[in-house]
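Structure, as structure tokens:
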Amino acid sequence: MEYNFKEIEKRWQQYWKDNKTYKTELDNSRPKFYVLDMFPYPSGAGLHVGHPLGYIASDIYSRYKRLQGFNVLHPMGYDAYGLPAEQYAIQTGQHPEITTVTNINRYREQLDKIGFCYDWNREIRTCDPKYYKWTQWAFIKMFNSYFNTKLNKACPISELIEHFEKYGTQGSNVSTNTGHEFTAEQWNNASDDDKYKALMNYRIAYLGDSMVNWCPKLGTVLANDEVSEGVSLRGGYPVEQKVMFQWCLRVSAYANRLLKGLETVDWTESLKETQKNWIGYSEGAEMKFPLVGSDEDLLIFTTRADTIFGVTFMVLAPESCYTAKVTTEEQKNAVEEYIKNTKKKTERERIIDKKVSGVFSGSYAVNPVTGKQIPIYISDYVLAGYGTGAIMAVPAHDSRDYAFARYFNLPIIPLIENCDISNESFDAKEGIMTNSSNEILQLNGLEVKEAIAKTKLFIEEKCIGKVKVNYRLRDAIFSRQRYWGEPFPIYYDDKNQAHVLDEKYLPLELPEVDKFLPTESGEPPLGRAENWKDAEGHRLELCTMPGFAGSSAYYLRYMDPHNDKELVSKENNEYWRNVDLYVGGTEHATGHLIYSRFWNKFLFDCGYVCEEEPFKKLINQGMIQGRSNFVYRIKDTNTFVSLGLKDKYDTTQIHVDVNIVDNDILDTDKFKAWRPEFNDAEFILENDKYICGWAVEKMSKSMFNVVNPDDIVDKYGADTLRLYEMFLGPLEQSKPWDTKGIDGVNRFLKRLWGLFYKNDDIIVNDDKPSAEALKSLHKLIKKVTWDIEHFSYNTSISAFMICVNELNAMKCANRQILKNLIVLLAPFAPHIAEELWHIIGENISVCDAEWPKFDEQYLKENNVNYTVSFNGKPRYTIEVATGTSKEEVEKIALANSAAEKWLDNKIPKKIIVVPNKIVNIVI
RNA sequence: GCUCGGAUGGUGGAAUGGUAGACACGAAGGACUUAAAAUCCUUUGGUCAUUGCGACUGUGUGGGUUCAAGUCCCACUCCGAGUACCA
């Protein structure tokens, strides 16, 4: 009987469905294990062969854990809100929901063919009102909370109001975006509107003016992680900086905990590093520089307080609130002109245009240590959003200050002995201080590190500043001027104050609109919705939430997906707790993986979840790139020349569909049929073949290098696809897809099949297994178990191949051996495993089998060979029984060497015996 | 610029400091076949020797530690990823 994968895979997929094999339920008698994939955004292009890589890896792990007796939660769903469906809706008028559902169905069809063990009963979609009810619910909780810096957690805003009533801001320990202070009396006498506005400065979800990335082409605001190099990640449109009044989440309040939490999770070092950089911890000092002719101080942030003697000017960000204050009448025009020009520049232009620019404000500040007056400049190289938006410039030891000083001809004072600053600044934090002493502070002769510490102490003692930690992490901008997203559970009253809806009105469903574009007056698309009002007739918020809203707590919802009373019940949350293994791409390192950690910590503070970190272990699967093929057309002709001969002609390289190329050899007939313009193509061949060139590129339609998993499943079967994707290379490494190696794993499955059948007869027997076969099996158990635990799936597949070849060579068809082999293979190739499992007479599903136990005893050999070497040169071999002690081996080696006269009466300096069969005698 | 990875045959890739190149692809030769496909067998890092069993060399480059280095240390070259006027 042939290995008929089509029939086998169809049959067992149906069996698993009928028997609800993958249905998971809470079971306190068994330990839990939660394996999660990053749920996909269902794009119109469908899955290509790269997408399932991570899903297969997590599926293998899930099945393995289940065979080991764990109650495994392995769900799947869809991140269904997003820009592409909406862009498509704008172009075609088709409702994004229709597009999304179509795409989801397509995804599901493709996923089902691969044989995953998802519990589809728990499927979630972020655009489902039953789901986004809980996204809105969490937002309400955030609106009603503030961050208490003393307790280092979120607390109810009502507690803060109480505190204000009694004590004002004194001792309030809050995380805020203003430094405003007031007394209880001031608070109690304040108007309702002032109180409303003041509280916005403390809420975790708040309305605030913030510098946003505005993308005019998409007509919406984007988060920092949705922008790269000044263009939008989706679409690649230019992005500009703009101040807007937006909903924000106070993620920055959690910066410290997000950083600390990284120490408790099992993620790769590189991913932790990426998050650490994004959070951007930096310890320094805030210092006050008095303004000349004013009572006010200029507050700056620096990590190099030790360079205070080298400060020759100050710089403010154009957007800084100090800017207007320090601009003198004479300089007013110049400053305004400069600010206008900076605003015009998009962020991309700012990056490309690295020219030094700036303007003198007209004012001076006083260096608090030297007492010297120094000029204040305004320049866009200082960022408003970081630190205080103002810096003390030390041109000798900061490259940006150096460039600025050179341009404006400002003095540069070196502070490190023997540093060369004739062409560039000396930025390194090393060397001996000089030019840095006066009657109040002496730093000369100190190492830079000592000087930093001494200056910090000095600053605090003299009250000219304080030691401060700054984070680069900003609050998340949470409004999108878009249709296809979660509506905010927010209404505005007559005084234009924002309020949260009562929870009983949740979910607040997304309304219908006639068009998915902004209104004529420039309002977001929800402005088109008729009667977009709450029960009392108040107008509702017009913005929707961003893409990351729905994905920030989805892993919690899978624990209890049908609960309409709670996000997740206490019982379910305490059983499933958090994700034990999370598999997904690194592209979410600074987006989703920060936001969901923040979201989870917030819910943890509120007592809704019992674990502070959502994802215990995280594996990043590498990207699968495409392998593009090229043909070479001789210029101005329709003649194509084979790769090896192309250098003799003047050619143009053209992408060719990889599906009509086999092994880099072009099917010329298919090529002619591929596109009309190639119908009469002619070819210059080498060895009667047309050889194509190739390159590794991103897998995409435009490169004609997309390989569809459905085609692979049709041709080779799901099991072959699964094995091959894992065999391709280490899971975490990016690698190009190349279908040509797939025959290897397909042959392996056929050989495996051949162990059970001879012609049409099942040849499995119940003889006592040979020692040799047992050894082969136990070698495999050991290897595969270790490999799965370490996600080294490619090498375990090699181990399977070796084992099957060995069993084949010894003509072993022993039931006991094969049964174990099948269970080991079941996580990797579940369909064929299930089939063979039933062929040898088992009744239950192989999914419910038990993972084989490894027994070292079977691996023991009868004797071991040791190569005896002298000074590292191998001389001869001795053979000893297994288990012979090191000392015994040494003795035998010495005795033999003396007999062979290698030792020649010399006393060996050293004898090294290592278990891997080498004895080295150093004479 | 900074941070983190990586570099091994024609290709994808194996190697707790201990016989480098497992396993697979590709290629070459052979068996079966009228023929092809499929299947099976042999060879396959390089150079030299192939009527011998072999010899030498070899993991990006240059040093070092070690009886022993692809693996550890130092310097460099190249490639990839993240981040970027973050003071």
Side-chain angles (χ1 to χ4, degrees), chain A residues 2 224-225 228-229 268-278 280-282 284-285 300-305 307 315 317 350-351 353-354 356 379-383 385-394 397-401 403-404 427 470-474 586-587 589-590 620 622-623 627 663-664 694 696 723-724 727-730 732-748 750-751 754 783 786 792 794-803 805 808 865 867 869-874 908-923:
Chain A
E2 290 272 298
N224 279 346
D225 67 280
S228 180
E229 294 182 0
T268 59
E269 279 312 309
S270 74
L271 186 63
K272 285 191 198 177
E273 202 62 37
T274 305
Q275 287 215 341
K276 275 184 206 162
N277 288 342
W278 188 262
Y281 175 93
S282 84
I300 61 98
F301 176 77
T302 181
T303 53
R304 293 294 304 274
T307 58
V315 188
R350 267 208 204 185
I351 289 165
D353 181 17
K354 288 217 166 170
V356 178
S379 172
D380 65 0
Y381 84 85
V382 174
L383 302 176
Y386 185 76
T388 62
I391 60 153
M392 61 178 215
V394 186
H397 303 289
D398 182 288
S399 53
R400 295 150 301 172
D401 298 346
F404 195 85
D427 291 11
N470 243 320
Y471 295 96
R472 203 183 72 102
L473 186 71
R474 309 293 165 79
T586 51
E587 67 273 20
T590 54
N620 291 124
M623 251 224 293
R627 190 180 186 279
N663 226 345
D664 288 340
W694 62 274
V696 173
L723 285 174
Y724 187 57
F727 188 66
L728 219 45
E732 305 196 47
Q733 193 174 300
S734 284
K735 56 239 159 190
W737 177 269
D738 192 351
T739 308
K740 79 180 178 196
I742 201 167
D743 288 322
V745 288
N746 193 242
R747 270 174 218 151
F748 155 70
K750 286 185 195 158
R751 274 201 292 270
K783 176 82 176 139
W786 193 92
S792 178
N794 55 332
T795 52
S796 34
I797 292 166
S798 297
F800 278 115
M801 291 176 178
I802 295 167
C803 181
N805 282 347
N808 231 328
N865 288 321
T867 305
S869 310
F870 286 84
N871 292 337
K873 296 267 180 209
K909 273 191 209 155
K910 215 198 257 179
I911 304 167
I912 298 141
V913 179
V914 274
N916 31 359
K917 305 175 191 179
I918 288 180
V919 181
N920 188 24
I921 301 177
V922 186
I923 304 168

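The basis for the numbers below is simple: all heavy atoms, side chains too, and nothing from hydrogens, waters or symmetry mates. Chain A is the first sequence line, chain B the second, and so forth, proteins listed ahead of strands; every chain is numbered from 1.
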How many whole angstroms separate atom [atom1] of [X] from atom [atom2] of [N]?
| X | N | atom1 | atom2 | answer |
| --- | --- | --- | --- | --- |
| A/E587 | B/rA81 | CD | C1' | 12 Å |
| A/K272 | B/rG82 | NZ | C1' | 17 Å |
| A/F301 | B/rA87 | CZ | P | 7 Å |
| A/R627 | B/rC25 | CZ | P | 16 Å |
| A/K750 | B/rA24 | NZ | P | 15 Å |
| A/W278 | B/rU3 | CH2 | C1' | 15 Å |
| A/W737 | B/rU11 | CH2 | P | 20 Å |
| A/R751 | B/rC23 | CZ | C1' | 11 Å |

When all nucleic acid strands are considered with a 4.0 Å heavy-atom cut-off, which category describes [X]: base, sugar-phosphate, or nothing?
| X | answer |
| --- | --- |
| A/I391 | base |
| A/P736 | nothing |
| A/D427 | nothing |
| A/N808 | nothing |
| A/Q733 | sugar-phosphate |

Paired with [N] by Watson-Crick or G-U wobble geometry, both distances under 3.5 Å: which nucleotide is it?
| N | result |
| --- | --- |
| B/rU51 | none |
| B/rC4 | B/rG80 |
| B/rU33 | none |
| B/rU19 | none |
| B/rG62 | B/rC74 |
| B/rA27 | B/rU43 |
| B/rA38 | none |

If the cut-off is 4.0 Å, is [X] near the phosphate of [N], judged by side-chain N/O to OP1 or OP2?
| X | N | value |
| --- | --- | --- |
| A/N620 | B/rC4 | no |
| A/S282 | B/rA87 | yes |
| A/Y386 | B/rA87 | yes |

In B/rG54, glycosidic geometry as syn within 90° of 0 or anti otherwise: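 Anti, which is what one calls it when the glycosidic angle falls more than 90° from 0.
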Measuring only the [atom1] atom in each nucleotide, how far is [N] from [M]? A whole number of Å is fine.
| N | M | atom1 | answer |
| --- | --- | --- | --- |
| B/rU77 | B/rA87 | P | 26 Å |
| B/rG60 | B/rG70 | P | 10 Å |
| B/rU65 | B/rA14 | C1' | 27 Å |
| B/rA69 | B/rG64 | P | 12 Å |
| B/rA20 | B/rU71 | C1' | 11 Å |
| B/rU44 | B/rG21 | P | 12 Å |
| B/rU3 | B/rC76 | P | 13 Å |
| B/rU66 | B/rC73 | C1' | 12 Å |

Take A/R747 and A/K735, find for each the nucleotide of RNA chain B with the closest heavy atom, and name the residue whose nucleotide sits nearer the 5' end.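 Per heavy-atom nearest nucleotide, the more 5' residue is A/K735.
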When you match A/D738 and A/R474 each to their closest nucleotide on RNA chain B, which lands nearer the 5' end? A/D738
Nearest to the side chain of [X] - [options]?
| X | options | result |
| --- | --- | --- |
| A/S798 | B/rA87, B/rA22, B/rG82 | B/rA22 |
| A/L383 | B/rA87, B/rU3, B/rA24 | B/rA87 |
| A/D398 | B/rU83, B/rA15, B/rA87 | B/rA87 |
| A/D743 | B/rG26, B/rU3, B/rC86 | B/rG26 |
| A/N277 | B/rC40, B/rU3, B/rA87 | B/rU3 |
| A/D380 | B/rC86, B/rC85, B/rG82 | B/rC85 |
| A/N794 | B/rG13, B/rC23, B/rC86 | B/rG13 |

Hey, are the side chains of [X] and [Y] touching, using non-hydrogen atoms and a 4.5 Å cut-off?
| X | Y | result |
| --- | --- | --- |
| A/Y724 | A/W737 | yes |
| A/M801 | A/V745 | yes |
| A/I742 | A/F727 | no |
| A/R747 | A/K750 | no |
| A/T586 | A/T274 | no |

Would A/Y381 and A/D401 count as a side-chain contact (heavy atoms from CB on, under 4.5 Å) here? Give the steps. CA-CA 9 Å; A/Y381 84 85; A/D401 298 346; 2.7 Å; yes
Could you label the plane-to-plane angle of the A/Y281 and A/Y471 rings as parallel, tilted or perpendicular, counting under 30° as parallel and over 60° as perpendicular?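 Ring orientation, 0 to 90° scale: perpendicular.
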List the steps and the verdict of side-chain contact (heavy atoms from CB on, under 4.5 Å) for A/V394 and A/R304. CA-CA 9 Å; A/V394 186; A/R304 293 294 304 274; over 6 Å; no
When you measure from the centre of the six-membered ring of A/W278, is the NZ or CZ of A/R472 closer than 6.0 Å and no more than 45° off the axis?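 The answer is yes; both the distance and angle limits are met.
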